[in-house]
Amino acid sequence: MDNGKDLFGYDSLAFFGKVNASISHELKNVMAIISETAGLLGDLSDMASNGTPIKPDMLKSCTGSIMEEIQRGFLTIRQMNRFAHSVDTPLESVNLMDVLDLAITLSGYLSFSGKAHLTPCKDRTPTASTCPFLLQAIIYQALVYTFKSTGPDTAIRISLQAQGDAAWRIIFSGFNANAFQKFPDATTRAMAESIGVVFHFDSTINRLALEVPLTIESTTTEQVAPGV
Amino acid sequence: MEPESTINILLVDDEVKFLAAVSDRLTIKGFNVTTATNGEKAIEAANKGGFDVAVVDLQMPGTDGAQVLKILKERHKFIEIIMLTGHATVDSAVECTKLGAFKYLEKPYDFDKLIEVLKDAYHLRMQKKFENNAKRMDAIQALSMGQSPLGILKALAKLDDGNK
């Protein structure tokens with residue numbers, strides 16, 4: 001294996017597995033709806049064969065539902081593919097909006113997830129040279145803590161602010177401060193330290209900020225995720 | 001199935017389309033189905049009484065399936081509960097069994113399998129309900145073989161008629 005591609009440890013693997021399990025859960029739900037709706041179409045066909053009049057609207061509703069679920073399945077598989085490729089390169093220049101978008105989408109597959117609204121960054125493209133996999137793991141964990149603590153009715157707001165030429169701040173707001181009493185856990189903290197991400201939590205205004213350095217050149221490839 | 005011998009099913013899942021499709025299929029087969037899209041609504045519906053079997057999704061926002069299972073088993077003596085999940089684990093299966101789930105089905109499942117499990121669950125409910133009624137117990141035992149699952153369900157429901 002090439003140098004730099006075998007640096008993610010057990011906790012990263014555990015995160016990878018956890019997210020994949022939630023994606024497979026989503027796909028199973030999609031398949032279950034398609035299976036039951038196709039079965040219903042079969043039941044209706046049998047009834048029609050036996051002389052029971054069937055309303056065309058019911059058939060249209062079934063086929064429409066199947067088409068929608070197929071699209072939902074395609075979309076889920078696309079996100080699964082994005083997530084799978086996020087480990088391809090340990091360090092690269094990434095658009096933080098893309099990383100945030102994927103982390104938000106993935107956390108949305110959890111049964112306890114609420115809503116997360118991402119405000120686009122209009123001033124300039126928010127790029128950073130970082131480890132996209134670890135950064136999305138940290139963002140994902142922040143979302144999980146919020147949703148777990150405040151429930152499915154939560155609507156988190158996420159925005160980005162430039163911190164001069166040195167860093168970007170990812171700001172989470174719209175949640176209860178209690179959500180972050182135990183955040184970050186040791187694993188997430190180790191991941192953050194390995195890529196130079198710093199947590200700023202202000203309980204007076206219910207705001208969490210993740211400071212992402214524009215580059216982690218000072219952190220060598222070999223140092224990414226030590227012990228993580 | 002005649003209206004007077006209908007089996008009352010409480011179907012609980014946060015996937016609305018899944019709920020609608022399964023509800024329609026069970027209704028076509030002659031069951032009387034009530035749906036709930038979350039745990040709170042399921043408990044509220046069950047409090048009105050009259051359900052023979054509940055089919056409950058394990059992973060739901062808010063009050064999850066395991067909590068619904070625990071509350072329904074505590075409050076409703078004879079109800080049997082079938083758990084559904086899209087993410088089966090040994091731990092969750094053990095937990096549900098300890099809480100009194102009749103069966104644990106993984107999505108997507110075969111519809112005929114659901115009917116078979118519903119038949120077994122309803123059969124167990126009848127045995128518990130009439131355990132002190134030897135005549136009816138004999139009749140219930142006699143129904144256990146030689147018919148399709150739907151046929152057995154229909155016959156069991158007739159035996160239960162008037163005792164809901």
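Every chain is numbered from 1, with letters handed out A, B, ... down the list of sequences. Note that these values count all heavy atoms, side chains included, but never hydrogens, waters or copies made by symmetry. Everything quoted here is computed from the prediction, not taken from an experiment.
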**Study point:** Presence of salt bridge, B:E80 and B:R125, under 4.0 angstrom
**Key:**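 Looking at B:E80 together with B:R125, the answer is no, because their closest N to O distance does not fall below 4.0 Å.
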**Study point:** Under 3.5 Å donor-acceptor, A:Q141 side chain and A:I138 backbone
**Key:**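 The answer is no, because no donor-acceptor pair under 3.5 Å joins these two groups.
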**Study point:** Pick from A:S24, A:G39, A:S35 with the largest number of heavy-atom pairs that fall under 4.5 Å of chain B
**Key:** A:G39
Check your understanding: With chain B, which of A:I34, A:N29, A:T37, A:L27 has the greatest number of heavy-atom pairs at distances under 4.5 Å?
Key -> A:N29
Exercise for review: Just give me the residue among B:E15, B:M60, B:E106 that pairs up with chain A most often, heavy atom to heavy atom, under 4.5 Å.
Suggested key: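 Among the listed options, the one with the most contacts to chain A is B:E15.
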Check your understanding: Which atoms of B:Q59 come close to chain A, meaning under 4.5 Å heavy atom to heavy atom: side chain ones, backbone ones, both, or neither?
Key ->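 Both parts, backbone and side chain.
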Under 3.5 Å, which donor-acceptor pairs do the side chains of residues 48-64 of chain A form with other protein atoms, sequence neighbours left out?
unit_1	atom_1	unit_2	atom_2	d
A:S49	OG	A:S45	O	2.9
A:N50	ND2	A:D46	O	3.2
A:T63	OG1	A:L59	O	3.2
A:T63	OG1	A:K60	O	3.0

Review point. In terms of ring plane angle, is the pair A:F16 and A:F83 parallel, tilted or perpendicular, where the classes change at 30° and 60°?
Key: parallel
